Student: 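Got a structure for you, questions after.
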Amino acid sequence: MRDETKAVHTGVYADGSYNSVTTPIYPSSTFYFDKVGVNKGYDYTRSGNPTRDALEQNVAALEGGSGAVACATGMGAITACTMLFKSGDHVIAGNDIYGGTYRLFSQVMPRLGIAVSFVNLRDLEAVQQNINDNTRAIWIETPSNPLLNVVDLQAVASLAKQHDLLTFCDNTFLSPHFQRPFDFGIDVVMHSTTKYLNGHSDVVGGIVIGRTQELAERLLWFANAIGVTCSPFDAWLVLRGVKTLHPRMETHQSNAMQLAGWLEQHPEVQRVYYTGLESHPQRELIERQQKGHGGMLAFDIDAPAERIDDFFAAMELFILAESLGGIESLISQPWNMSHASMGEAGLKASGMSPQTIRISTGIEHIDDLIEDLERGFAAIG
Ligand SMILES: *Cc1c(COP(=O)(O)O)cnc(C)c1O
């Protein structure tokens, strides 16, 4: 089966009772035993649930992994991953990862005796220099948010293998439709399903997928032990979203590609960040690693920071909001919104400015999106 077909069918028909074409929601917290020690494979919903299983089988198939565990949030999924480490371990993480991951790694993990070094993963020499005797893993996110820098998955994974380190990839931005980290030797893939996998901005969720059965089982064991597995309702919603992942991603991408090209020509835009542009400095790597470019882009507007509120206010379609990956187009200023906790020095070091604007391109008609941005530019022109 091709991926488009798997998204629609895999895991879906778990219940033969009434020949239902969609997966039933099993809200039941507990499942009865026919006699002690004999049940139908489920006993308690935190540990296992047929609706959640359907989602896990589906996404594991799309990523090409052995098994998955669906969690209550993306951060829950990341927390389950961190359970593979113990006190005294050291982890290397990218220095431009998602803010919530940064907070967990910089403020929570050290309290548990796990040290984290934040390193520019595009610099393999720097990665090598940060590997110590107690280093256990490398945490990668690519492309980065919001400047769309790309990390070479194959290069980092092979360096990690030489040192017996686990590799994790947060694949939220591209989804398995456009990037399959397992193909490059990554061990664990995770998603905030809140974003593209669900795709409709109406649920928060996460999922972790293991390349091997052994890793998948350990992650499931920890997710149950710490209690981060998701509810059957949420699993059902995300599975409903995943079935349309492929046509949605194609539309997000085609809109984003046209917006990026249009913005690049715009006199009031200094620079556009999108992996689909010829001008992206990592063109060769992108073509080797990504099957597409997704819907996230950013640009530096050529206007004083004080005018950006007017730019946003003039728009009627683009919604001023954090988050991403839904069918509606969102716009934001990372400097004062999603990335504010990095502080001014951190923001500047990463290459952002108050003029950096991030777009999560929705699936509306491209002409309406361009007209809306024109309203914004007209207001500050
Ligand atoms: C949103 C996000 C997360 C966290 O997911 P939640 O569902 O908000 O907990 C992690 N990684 C990336 C790249 C994200 O965009």
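We count ligands from 1, going down the list as the structure has it; atoms in each ligand are counted the same way. None of the values given here were measured: they were computed from a predicted structure.
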Student: Other members of the hydrophobic cluster containing Leu285, with the 4.5 Å side-chain heavy-atom rule, please.
Tutor: Val150, Ile286
Student: Find out if a path of hydrophobic residues (ILVMFWY) with successive side-chain heavy-atom gaps under 4.5 Å connects Met337 to Tyr98.
Tutor: no
Student: Would Phe168 and Phe85 count as a ring pair (Phe, Tyr, Trp, His ring centres under 6.0 Å) if you check the C-alpha gap in whole Å, the side-chain angles of each, and the deciding distance to 0.1 Å?
Tutor: CA-CA 12 Å; Phe168 295 79; Phe85 314 130; 5.8 Å; yes
Student: Between Gln290 and Thr275, which heavy-atom pair has the shortest distance, and what is it?
Tutor: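 Distance-wise, the nearest heavy atoms are NE2-OG1, 3.2 Å.
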Student: Could you pull out all donor-acceptor pairs under 3.5 Å where a side-chain atom in residues 65-78 meets a protein atom, sequence neighbours excluded?
Tutor:
residue	atom	partner	partner atom	Å
Ser66	OG	Arg211	O	2.5
Ser66	OG	Gln213	N	3.4
Thr73	OG1	Met75	N	3.3
Thr73	OG1	Gly76	N	2.8

Student: Would you mind listing each N/O atom of ligand 1 next to any protein N/O under 3.5 Å, plus the distance?
Tutor:
residue	atom	partner	partner atom	Å
ligand 1	5 (O)	Ser192	OG	3.0
ligand 1	7 (O)	Gly74	N	2.9
ligand 1	7 (O)	Ser192	OG	2.9
ligand 1	7 (O)	Thr194	OG1	2.7
ligand 1	9 (O)	Gly74	N	3.0
ligand 1	9 (O)	Met75	N	2.9
ligand 1	11 (N)	Asp170	OD2	2.7
ligand 1	15 (O)	Lys195	NZ	2.7

Student: For Glu371, check side-chain hydrogen bond (donor to acceptor under 3.5 Å, both in side chains) against everything at least two apart and list the hits.
Tutor: none
